[in-house]
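Only one structure is covered here, and it is reproduced in the block below.
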Amino acid sequence: MENIPPASPPRRAVLATALAAMASPFASTHSQAAGSPAWPTRPLRIVVGFPGGSSPDLTARTFADPLAKALGQPVVVENRVGAGGNIAADIVAKATDSHTIGLMINGNMTISRLLNARVPYDPLTDLQPISLIGVSPLVLAAPQHAPGADAHAFLDAARAEGDGWSYGSPGVGTVGHIGMELLKARTGIQPVHVPYPGYSQVANAMIAGELQLALLPPALALAQARAGKLRAIGVTAGSRSTLAPELASLAEAGVRDFNLEIWNAAAAPAAMPRALVARLSALFVEISRNSDIRTKLFQQGWQTVGSNAEGLANRIEADTAVLGQVIREQGLRAQ
């Protein structure tokens, strides 16, 4: 995957324009406090596209209390589940109240429109970056009694089954979906995709025998593996991860050019004033530096990044190129 074409200049220009207006977040915050009406004037809403207890939901709730203390207003987490998080992302993209932001995953902010032209928002023009919060590899997981003594033998068994196996993801266009399609391309396995509302539902379906494999977040995969309900095959990284140090990487099993991460991030609608987005970006960076917050995020399965808006914009551009290439190579379309 070394020869990946860059994102097109117009997309970079959109991100650059938004970032230029937010170049000095602390100065913007001071200016607003000195000469503009106080903000927020009512509760801040964080919209999450996945169910309560899901990883994005837990992250949003981890930030809700410190944000509320910093802003002097309640912060309410609202779950709007469906379409791999795109229903929630569309709500955020269209919000004009200056009191709504979103807790997003990769797909919502990168390739949702590339996969499905009917998605009613454009992540690169209708959303503003706030902060890249955390990153994590995924874990290739399977039922407890899956065949094969190791990752190499498991993939051999999967190849032998062809399309007789099924895999789950938290929705079309999520990294759990696109990542498995990339794994299919790299290994020759051919399981059939079955979308679910979230990763927890994918794990439950696999435990129930409805699925034969899936890419799951480390915290979820390891918890179920340690409980004897699932089997963790390997991590989607070039080397072992601190989030799952006992697991071999799929690279160790001979899977080449397969280094995949999920991430979560905070984003604002395009309509939100730049000074407010800059203030929120500075707060997310500050909160992410807190040792208690970093511990909570690690326990949820995240390596904390806590970047500013520019850091998130750079990651959006890079992942749009990588995941977009998978979509083109595999001819993927929303079902």
Side-chain angles (χ1 to χ4, degrees), residues 1-2 4 84 106-107 111 114-115 136-196 198-199 201-218 220-222 224-225 229-241 244 247-262 319 322-335:
M1 297 180 65
E2 292 81 5
I4 297 170
N106 306 44
I111 48 77
L114 298 178
L115 190 68
S136 172
L138 288 166
V139 173
L140 178 62
Q144 176 62 23
H145 300 293
D150 55 22
H152 190 277
F154 173 78
L155 291 171
D156 282 344
R159 273 189 290 271
E161 291 292 335
D163 62 1
W165 279 11
S166 298
Y167 78 89
S169 85
V172 173
T174 61
V175 177
H177 170 218
I178 305 301
M180 186 64 80
E181 292 299 319
L182 177 60
L183 185 63
K184 288 167 64 172
R186 295 289 183 265
T187 62
I189 65 175
Q190 289 299 322
V192 177
H193 180 220
V194 182
Y196 287 80
Y199 280 116
Q201 289 79 5
V202 173
N204 290 338
M206 197 151 38
I207 292 169
E210 299 169 9
L211 302 170
Q212 285 71 47
L213 67 167
L215 295 174
L216 299 179
L220 175 60
L222 291 180
Q224 297 293 354
K229 296 180 179 180
L230 289 179
R231 179 177 160 201
I233 305 295
V235 295
T236 62
S239 59
R240 298 196 179 211
S241 169
L247 291 184
S249 69
L250 292 181
E252 293 177 55
V255 182
R256 297 184 177 182
D257 299 326
F258 189 72
N259 192 344
L260 185 75
E261 286 183 328
I262 55 172
D319 278 16
V322 171
L323 300 178
Q325 181 173 331
V326 176
I327 290 171
R328 291 189 297 272
E329 287 179 350
Q330 296 296 97
L332 301 180
R333 294 291 182 271
Q335 299 167 349

Rounded to the nearest 0.5 Å, what separates atom [atom1] in [X] from atom [atom2] in [Y]?
{"X": "Leu211", "Y": "Tyr196", "atom1": "CG", "atom2": "OH", "value": "4.0 Å"}
{"X": "Asn106", "Y": "Glu261", "atom1": "CG", "atom2": "CD", "value": "8.5 Å"}
{"X": "Arg256", "Y": "Thr187", "atom1": "CZ", "atom2": "OG1", "value": "14.0 Å"}
{"X": "Thr174", "Y": "Ile262", "atom1": "OG1", "atom2": "CD1", "value": "9.5 Å"}
{"X": "Ile327", "Y": "Ile111", "atom1": "CD1", "atom2": "CD1", "value": "4.0 Å"}
{"X": "Leu216", "Y": "Leu230", "atom1": "CG", "atom2": "CG", "value": "7.0 Å"}

Would you list the pairs meeting salt bridge (charged side-chain N to carboxylate O under 4.0 Å, His left out) in which at least one residue belongs to [range], sequence neighbours left out?
{"range": "residues 165-177", "answer": "none"}
{"range": "residues 167-181", "answer": "Glu181-Lys184"}
{"range": "residues 139-164", "answer": "Asp156-Arg159"}

Once side chain to side chain donor-acceptor pair (under 3.5 Å) is applied, do any residues pair with [X], and if so which ones, sequence neighbours excluded?
{"X": "Gln212", "answer": "none"}
{"X": "Ser136", "answer": "none"}
{"X": "Gln330", "answer": "none"}

Check your understanding: Got a sec, which residues hit salt bridge (Lys or Arg N to Asp or Glu O under 4.0 Å) with Arg231, two or more places apart in sequence or on another chain?
Key ->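 Salt bridge (Lys or Arg N to Asp or Glu O under 4.0 Å) list for Arg231, sorted by chain: empty.
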
**Study point:** ring pair (Phe, Tyr, Trp, His ring centres under 6.0 Å) partners of Phe154, counting only residues at least two apart
**Key:**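 Phe154: ring pair (Phe, Tyr, Trp, His ring centres under 6.0 Å) contacts with Trp165.
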
Shortest non-hydrogen contact from [X] toward [Y]:
{"X": "Ala141", "Y": "Met206", "answer": "O-SD, 3.6 Å"}
{"X": "Pro147", "Y": "Ala157", "answer": "CG-CB, 3.7 Å"}
{"X": "Ile189", "Y": "Ala158", "answer": "CG2-CB, 3.6 Å"}
{"X": "Val172", "Y": "His177", "answer": "CA-ND1, 3.7 Å"}
{"X": "Leu183", "Y": "Phe258", "answer": "N-CE1, 3.6 Å"}
{"X": "Leu250", "Y": "Gly234", "answer": "CD2-CA, 4.0 Å"}

Review point. Between Gln201 and Gly198, is there a donor-acceptor pair closer than 3.5 Å when you use the side chain of the first and the backbone of the second?
Key: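 Between the backbone of Gly198 and the side chain of Gln201 there is a qualifying donor-acceptor contact (under 3.5 Å).
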
Check your understanding: Got a sec, which residues hit side chain to side chain contact (heavy atoms under 4.5 Å, CB included) with Ala237, two or more places apart in sequence or on another chain?
Key ->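 Side chain to side chain contact (heavy atoms under 4.5 Å, CB included) list for Ala237, sorted by chain: Pro137, Val235, Asn259.
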
Exercise for review: Using side chain to side chain contact (heavy atoms under 4.5 Å, CB included) as the criterion, list what pairs up with Ala248, not counting sequence neighbours.
Suggested key: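 Side chain to side chain contact (heavy atoms under 4.5 Å, CB included) check on Ala248 returns Arg240, Glu252.
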
Exercise for review: Starting from the C-alpha separation in whole Å, work towards a yes-or-no answer on side-chain contact (heavy atoms from CB on, under 4.5 Å) for Val255 and Leu155.
Suggested key: CA-CA 10 Å; Val255 182; Leu155 291 171; 3.8 Å; yes

So [Y] and [X], do their side chains get closer than 4.5 Å, heavy atoms only?
{"X": "Leu215", "Y": "Leu260", "value": "yes"}
{"X": "Leu115", "Y": "Ile178", "value": "yes"}
{"X": "Val139", "Y": "Pro217", "value": "no"}
{"X": "Leu140", "Y": "Met180", "value": "yes"}

